[in-house]
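Okay, structure first, notes after.
Side chains included, hydrogens not; waters and symmetry mates left out as well; all remaining heavy atoms used.
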Amino acid sequence: MTMTTHTPEAIRVAMDHLIDRATHFDIEALDSIYHKDFHTTLVMPDDEVQTYNKSEFKAHFAKQAQEGGKPLNTWAKWHDFHVLGDSAVCVLTRKHSGMNGKEMRLLCNIEWRFEDNRWQVLREQIFLRPL
């Protein structure tokens, strides 16, 4: 029997919460959402690669908030949710300007781990492309 926490619907709820908190620069919430071993890879339109760990990515959001960043675009197109045990993956497309100041299309692969009785983002791969 599948636990109610381990369903595609539960991952969608976790993703909605992540998008809401990240687009509003809620660093305290991101501290709980991102796993202690969090890692993100950004592939920029010119193929430059940027990587961040948890503290670096939270600092990235904090810097945007300090610079007067207005809430980011929350638009998302959902492609796939897959749960396998205490791991899950969500694939989606987003639109926002949070990574480089220009409105971009972000192709995202978000990996989750269920630990400490909650879903946490373990890894993000984000490919930024012009709209």
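- Side-chain heavy-atom separations under 4.5 angstrom define the hydrophobic clusters, and the remaining members of the one that includes V91 are V89.
- Under the side-chain hydrogen bond (donor to acceptor under 3.5 Å, both in side chains) criterion, T74 pairs with no residue, sequence neighbours left out.
- In terms of the side-chain hydrogen bond (donor to acceptor under 3.5 Å, both in side chains) criterion, E56 has no residue partners (sequence neighbours excluded).
- Residues that satisfy the side-chain hydrogen bond (donor to acceptor under 3.5 Å, both in side chains) test with E28, not counting sequence neighbours, are absent from this structure.
- Among residues two or more places apart in sequence or in another chain, the side chain to side chain contact (heavy atoms under 4.5 Å, CB included) test is passed with H35 by D37, R113, E115, Q120, L122.
- Taking every heavy atom of both residues into account, I11 and A88 meet most closely at CD1-CB, 3.5 Å.
- Within the structure, the salt bridge (charged side-chain N to carboxylate O under 4.0 Å, His left out) test picks out no pair touching residues 40-50 (sequence neighbours left out).
- Residue pairs meeting the salt bridge (charged side-chain N to carboxylate O under 4.0 Å, His left out) criterion with at least one partner in residues 86-95, sequence neighbours excluded, are absent.
- Annotation: side chain to side chain contact (heavy atoms under 4.5 Å, CB included) contacts of S55 (sequence neighbours excluded): N53.
- Take R118 and apply the salt bridge (Lys or Arg N to Asp or Glu O under 4.0 Å) test, not counting sequence neighbours, and it matches no residue.
- Residues satisfying the side-chain hydrogen bond (donor to acceptor under 3.5 Å, both in side chains) criterion with R129, sequence neighbours excluded, are absent altogether.
- In plain terms, the two heavy atoms of L92 and W78 that are nearest each other are CD1-CZ3, 3.8 Å.
- Members clustered with L84: none, using a 4.5 Å side-chain heavy-atom cutoff among hydrophobic residues.
- Within the 4.5 Å cutoff, the side chain of R105 has heavy atoms near those of the T93 side chain.
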Under 3.5 Å, sequence neighbours excluded: what are the donor-acceptor pairs made by side chains of residues 13-21?
{"unit_1": "D16", "atom_1": "OD1", "unit_2": "R12", "atom_2": "NE", "d": "3.1"}
{"unit_1": "D16", "atom_1": "OD2", "unit_2": "R12", "atom_2": "NE", "d": "3.2"}
{"unit_1": "R21", "atom_1": "NH1", "unit_2": "D26", "atom_2": "OD2", "d": "2.6"}

